[in-house]
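Residue indices begin at 1 and follow the sequence shown.
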Amino acid sequence: MKSIPKVMKALITPQNGGPVTVEEIPVSVPQKGQVLVKIEATPINPADLISIKGELHIKAPGTPAGMEGAGIVVANGGGFTGWRKLGKTVACLSVGNSGTWVEYCLAEAQTLVPLDKSIDFFTGASSIINPLTALAILDTLQQGRHQAMIHTSGNSALGKMLI
């Protein structure tokens, strides 16, 4: 396996409404229960854009953007689950303010989604937030005993999951 660099490029959320910037930052070191994922693909979710605009405080200003991605587990901070994932292709959620619009993402080992060899990185990168959002929408519809809904982005990844 290739060695892990000490610094990486990252898209950083703006402070005070400015633009997203590309900066070199230290590569995170995983702690017990965490892994480091070399990111190969990451989507741009509406929640990412709302967070970057400062309208939803998911990521702190001045930290890497992005919430989910896909890649290869390259380091384990300790623990059996992370050790078993080393070298595996996974979908992941970023931990805290680590972000996924980076070269290397910090993730909780227990939240990784293993990707089958038939699933490419681009498809795998959208395999957590959109499915959970679709389930939440459908659950809300069911709880409210609604018989129909309107979704205006039918060709989006989420729209396709709802259909």
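Members clustered with I119: L115, by chain and number, using a 4.5 Å side-chain heavy-atom cutoff among hydrophobic residues.
For residues 134-146, the set of pairs meeting the side-chain hydrogen bond (donor to acceptor under 3.5 Å, both in side chains) definition, not counting sequence neighbours, comprises D139-Q143. Residue pairs meeting the side-chain hydrogen bond (donor to acceptor under 3.5 Å, both in side chains) criterion with at least one partner in residues 104-123, sequence neighbours excluded, are D116-S118, D120-T123. Applying the side-chain hydrogen bond (donor to acceptor under 3.5 Å, both in side chains) test to pairs two or more places apart or on separate chains, those with a residue in residues 17-29 are T21-E23. Listed by first then second residue, pairs satisfying side-chain hydrogen bond (donor to acceptor under 3.5 Å, both in side chains) with a partner in residues 73-98 read K59-S94, not counting sequence neighbours.
Residues that satisfy the side-chain contact (heavy atoms from CB on, under 4.5 Å) test with E55, not counting sequence neighbours, are I50, K53. Taking the side-chain contact (heavy atoms from CB on, under 4.5 Å) definition, one finds that P61 meets it with Q15, sequence neighbours left out.
W101 is not listed as a side-chain neighbour of V22, based on a closest heavy-atom distance of 4.5 Å or more.
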Would you be so kind as to tabulate the donor-acceptor pairs closer than 3.5 Å made by side chains of residues 36-44, with sequence neighbours excluded?
| from | atom 1 | to | atom 2 | distance (Å) |
| --- | --- | --- | --- | --- |
| T42 | OG1 | E68 | O | 2.6 |
| T42 | OG1 | T100 | OG1 | 3.1 |

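Note that CG of L11 is 11.5 Å distant from OG1 of T63, once rounded to the nearest 0.5 Å. Here the SG atom belonging to C92 is positioned 6.5 Å from the CD1 atom belonging to I128, to the nearest 0.5 angstrom. The CD1 atom of I4 sits 12.0 Å away from atom CD of E103, with the distance rounded to the nearest 0.5 Å.
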